[in-house]
Amino acid sequence: MTETKLPGDQFVQSLARGLAVIRAFDADHISMTLSEVSKRTGLTRATARRFLHTLVDLGYVRTDGRVFELTALVLQLGYSYLAGQSLPQLVQPLLEELSEELHESTSASILDGDDIVYIARIHTRRIMTVGITVGTRFPAYATSMGRVLLAGLPADQLDEYLSRAELKPLTPRTISDPERLRAELDNVRAQGWALVDQELENGLRSVAVPILQPDGTVVAALNMSMQASLADGTDLDQAVFEALPKLQAVSAKITDALRAQH
């Protein structure tokens, strides 16, 4: 194990070794024997054993006597970091992972007046005639993220929005009737996600899920967008149902991170 030492006596070797033991566990090494931990960390078996059993006593690791695994208590080590992060900072790395997994563009936005405002964005290809960056605004009624956000409004705020919003038919598919939109928002609220098919711009489809505060209120939205030519008919359903659980999983992670801030 290679260690970078600080000047003088500031470097605590035992702390570095303990953290190395924790970092040795990952998605490919969920459970390990003492020998495996020793090999992955470069520590002797005797040293690895001491650190493992110390972590067991502290509750960060569990063992059946032969193999060792991390416990959920390890998550607390990151809570102080999470507590200092803004929503865009929390979302961005998760969007990067999601976009890489789905091979499609992903975004997050909040509701500002009658518009959505992008707070994070990962694009894999140009799918709109206008470029989308952090700060880009679109009318909420014609976007998947906007419908998730509108569906999360209290009833009186939604009534106010529907009474004042100018619902323009941006494409032949755009829902521009207030009552039709209300019915669609009721459906979005009931199912917990929104699909918009070429209502903002021809050739653009997207699916979105809400990002919830720990108290269950909608604070932001998360989406995946794709070109209509990439998902027609049955393929569209397949694309949506493959993406939806992944979007929901990322949303749950963000909610967990927000909970850590309280």
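All values reported here derive from a predicted model rather than from experimental measurement. Heavy-atom basis, side chains included; hydrogens, waters and symmetry copies ignored.
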Revision key, fill the gap. Value for CG (Asp156) from OH (Tyr161), rounded to nearest 0.5 Å, stands at 15.5 Å

Point to revise | Results of salt bridge (charged side-chain N to carboxylate O under 4.0 Å, His left out) for Asp177 - residues two or more places apart only | key: none

Point to revise | Result of checking Leu200, Leu170, Leu185 against Tyr141 for side chain to side chain contact (heavy atoms under 4.5 Å, CB included) | key: Leu170

**Study point:** Results of side chain to side chain donor-acceptor pair (under 3.5 Å) for Thr217 - residues two or more places apart only
**Key:** Asp215

Practice item. Any chance you could pull the hydrophobic cluster mates of Val188, using side-chain heavy atoms under 4.5 angstrom and chaining through other members? Key: Val148

Review point. Between Leu162 and Val218, is there a shared hydrophobic cluster once you connect ILVMFWY residues whose side-chain heavy atoms come closer than 4.5 Å?
Key: yes

Practice item. Could you tell me the separation between the CD1 atom of Ile119 and the CD atom of Gln92, rounded to the nearest 0.5 Å? Key: 9.5 Å

Exercise for review: Please determine, by modelled atom types, if Ser206 and Ser144 share a side-chain donor-acceptor pair under 3.5 angstrom.
Suggested key: yes

Review point. Can you find a pair of side-chain heavy atoms, one from Arg62 and one from Val56, that are under 4.5 Å apart?
Key: no

Review point. What residues, two or more places apart in sequence or in another chain, satisfy salt bridge (charged side-chain N to carboxylate O under 4.0 Å, His left out) together with Arg40?
Key: Asp26

Check your understanding: Does a side-chain heavy-atom distance below 4.5 Å link Val67 with Glu36?
Key -> no

Check your understanding: For Ser35 and Arg45, does a side-chain donor sit closer than 3.5 Å to a side-chain acceptor?
Key -> yes

Practice item. Please collect all ring pair (Phe, Tyr, Trp, His ring centres under 6.0 Å) contacts where either partner lies in residues 28-74, sequence neighbours excluded, each pair once. Key: His53-Phe68

**Study point:** Residues in salt bridge (charged side-chain N to carboxylate O under 4.0 Å, His left out) contact with Glu199, at least two apart in sequence or another chain
**Key:** Arg147

